[in-house]
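Proteins get letters first, then strands, A, B, ... in listed order; numbering begins at 1 in each. Keep in mind that what you see is a predicted model, and the values were worked out from it rather than measured.
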Number of protein chains: 2
Amino acid sequence: MESLRERKKQATRVALQEAALRLALRKGPENVRVEEIAEAVGVSPRTYNNYFPSREHAIVAALTAARAPEIPPGVPLADGIIDAVVGYYTDPGEAMLIIVTNPALRACYAEAVTGIEGPVAAAITARGADPRTAEVLAAAVAAAARVALRRWVQPAGVPGLVMVSGGLPELIRAALAPLAPALAAAKAHSVA
Amino acid sequence: MESLRERKKQATRVALQEAALRLALRKGPENVRVEEIAEAVGVSPRTYNNYFPSREHAIVAALTAARAPEIPPGVPLADGIIDAVVGYYTDPGEAMLIIVTNPALRACYAEAVTGIEGPVAAAITARGADPRTAEVLAAAVAAAARVALRRWVQPAGVPGLVMVSGGLPELIRAALAPLAPALAAAKAHSVA
DNA sequence: ACGCAAAGTTGCGTGCACGCAACTTTAGGC
DNA sequence: GCCTAAAGTTGCGTGCACGCAACTTTGCGT
């Protein structure tokens, strides 16, 4: 059902996301006031907060909106999940730089990683695993993805340590690899 | 080194934690103002925020302060970690009820679960695993613990579903179980 | 077409988080 | 003991998040 209400709400939501991202790209995320975003869309600041719970959420939503990981059903579970997560994070254009630059945006983006838990859990369940097991493993996958993001951003921490920081896809694969045995076991458990 | 500075800082920090918890228990967490906590300790509100980044953090800190999970070195890795995490969450007296009642405190407490990642990662590394693997697995363990906490709080979600919500320890064991294969593999990998 | 109930928007008031620039306290060399 | 630098505290100002109570718009039955 696409009532007028729904369409209007969605329109202002999208407008707010786009305005927030545009302003952040132009002036830097620090220098964007909620009032500006609201004004650019023709809405009150109070209404902005009815749509987004913080100043950062609209910007992050502009990047994560309408993006859901797709997990291929044929391949082994671990491989499918890894590819899906890698694909999920491998579009971001220049906007990604804005996000990793700003601490508040980084935190908000890391929080948004939770969004992959639902689809991942569904995929694991679809393979026959117990839903509660799937929930835990999906949370673990999201946690590993956050670790990968953290490593990607970090300037390599202690100077003496390895500077692996290659591409984000490689970091994600490396971070998810230790979870593969648990994913395989979940599948096996479903068979038993 | 216990300089006068350090001792004073620690004293006010502890005083703030205790005051925050005491007031929260007496009046309910919602009705405690930062100004009150600061005044109870004899410090300015601004100083409160130099110690804690939010109103909730002091209350949560009062419960998580000086608590580090102890992971026995002898037993199998997964068992040791599970027992340690269970023990970590199995003291909380009546104060726990205050926390699970309030959404903001719940969020803050869940965030504090990150505190176990360090010790857990250290224990995994101590068994010979790669530090980067240990970091990922520790994050996964923390994520599983958060799932257990979520399940413990939730009023059993959909009415038709199982109402497992027994004790928190059982929930934690159930949530960590799916990660056991990954923990075992990390240890095996170190041996190979 | 009418009118009522549900949903959405807005202004207001309050409390919180925090950068900044004074000001005060502590540490340590002399 | 004295003086200076480092560390800590405080007041102030600003912007944000959100509960609340009007007010406006939309949906829908008649």
Side-chain angles (χ1 to χ4, degrees), chain A residues 1-17 19-21 23-24 27-62 99 101-109 111-112, chain B residues 1-17 19-21 23-24 27-62 99 101-109 111-112:
Chain A
M1 166 66 162
E2 269 217 3
S3 69
L4 175 60
R5 258 181 174 147
E6 296 293 330
R7 270 179 293 135
K8 265 193 168 179
K9 253 179 92 82
Q10 206 56 26
T12 52
R13 170 171 287 271
V14 171
L16 285 171
Q17 290 173 2
L21 180 58
L23 288 170
K27 313 172 52 177
E30 316 271 13
N31 308 319
V32 180
R33 302 277 153 264
V34 165
E35 193 180 347
E36 289 180 285
I37 306 175
E39 195 179 7
V41 177
V43 104
S44 87
R46 184 63 183 85
T47 294
Y48 173 90
N49 273 76
N50 287 341
Y51 281 88
F52 299 102
S54 87
R55 181 166 61 92
E56 288 79 19
H57 272 75
I59 303 175
V60 171
I99 284 191
T101 297
N102 184 292
L105 281 178
R106 278 211 310 268
C108 191
Y109 191 70
E111 179 189 325
Chain B
M1 165 63 163
E2 269 216 6
S3 71
L4 176 59
R5 259 183 171 141
E6 297 293 331
R7 271 180 292 135
K8 266 193 169 180
K9 253 178 93 82
Q10 206 56 26
T12 53
R13 169 173 289 269
V14 171
L16 286 171
Q17 289 172 3
L21 180 58
L23 288 171
K27 313 174 51 177
E30 315 271 14
N31 308 319
V32 180
R33 303 274 154 267
V34 165
E35 192 179 347
E36 289 180 284
I37 306 175
E39 195 179 8
V41 177
V43 104
S44 86
R46 183 63 183 86
T47 295
Y48 173 91
N49 273 4
N50 287 340
Y51 281 87
F52 299 101
S54 87
R55 180 167 62 93
E56 288 79 19
H57 272 77
I59 303 176
V60 172
I99 284 191
T101 297
N102 184 291
L105 282 177
R106 277 210 311 267
C108 192
Y109 191 70
E111 180 190 323

Taking only nitrogen or oxygen atoms into account, show me every contact under 3.5 Å that the protein makes with nucleotides 16-19 of chain D, one pair per line with its distance.
{"from": "dC16(D)", "atom 1": "OP1", "to": "Val34(A)", "atom 2": "N", "distance (Å)": "2.8"}
{"from": "dA17(D)", "atom 1": "OP1", "to": "Arg55(A)", "atom 2": "N", "distance (Å)": "2.9"}
{"from": "dA17(D)", "atom 1": "OP2", "to": "Arg55(A)", "atom 2": "N", "distance (Å)": "3.2"}
{"from": "dC18(D)", "atom 1": "OP2", "to": "Pro53(A)", "atom 2": "O", "distance (Å)": "3.4"}
{"from": "dG19(D)", "atom 1": "N7", "to": "Arg46(A)", "atom 2": "NH2", "distance (Å)": "2.9"}
{"from": "dG19(D)", "atom 1": "O6", "to": "Arg46(A)", "atom 2": "NE", "distance (Å)": "2.6"}

Expressed in angstrom and rounded to an integer, what is the separation of [X] atom [atom1] from [N] atom [atom2]?
X: Leu16(A); N: dT9(C); atom1: CG; atom2: C1'; value: 13 Å
X: Glu6(A); N: dC28(D); atom1: CD; atom2: P; value: 11 Å
X: Lys9(B); N: dT10(D); atom1: NZ; atom2: C1'; value: 14 Å
X: Ile37(A); N: dG15(D); atom1: CD1; atom2: C1'; value: 12 Å
X: Asn50(A); N: dT24(D); atom1: CG; atom2: P; value: 17 Å
X: Glu30(A); N: dG15(D); atom1: CD; atom2: C1'; value: 13 Å
X: Tyr51(B); N: dA7(D); atom1: OH; atom2: P; value: 14 Å
X: Asn31(A); N: dT14(D); atom1: CG; atom2: C1'; value: 14 Å

Is the phosphate of dT9(C), meaning OP1 or OP2, less than 4.0 Å from a side-chain N or O of Ser44(A)?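 False: Ser44(A) side-chain N/O out of range (4.0 Å or more) of dT9(C) OP1/OP2.
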Any side-chain N or O of Lys8(A) under 4.0 Å from OP1/OP2 of dG8(C)?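 Negative; the distance criterion is not met.
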Quick check for you: to the nearest 0.5 Å, what is the distance between [X] atom [atom1] and [Y] atom [atom2]?
X: Arg55(B); Y: Glu36(B); atom1: CZ; atom2: CD; answer: 10.0 Å
X: Ile37(A); Y: Ile59(A); atom1: CD1; atom2: CD1; answer: 6.0 Å
X: Glu30(A); Y: Leu105(A); atom1: CD; atom2: CG; answer: 8.0 Å

Is it the case that the side chain of Tyr48(B) and the backbone of Pro53(B) share a donor-acceptor pair, with hydrogens and angles ignored and the cut-off at 3.5 Å?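 Checked: no pair found.
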Are Tyr51(A) and Lys9(A) close enough that some pair of their side-chain heavy atoms sits under 4.5 Å apart?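 Answer yes - side chains close enough.
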Is any side-chain heavy atom of Arg13(A) closer than 4.5 Å to one of Gln17(A)?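 Result yes, sub-4.5 Å side-chain heavy-atom pair found.
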Salt bridge (Lys or Arg N to Asp or Glu O under 4.0 Å) involving Glu35(B) - partner list, sequence neighbours excluded: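 Salt bridge (Lys or Arg N to Asp or Glu O under 4.0 Å) check on Glu35(B) returns nothing, list empty.
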Checking contacts here: which listed nucleotide (dT26(D), dT10(C), dT10(D)) is nearest the side-chain heavy atoms of Arg5(A)?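 That would be dT26(D).
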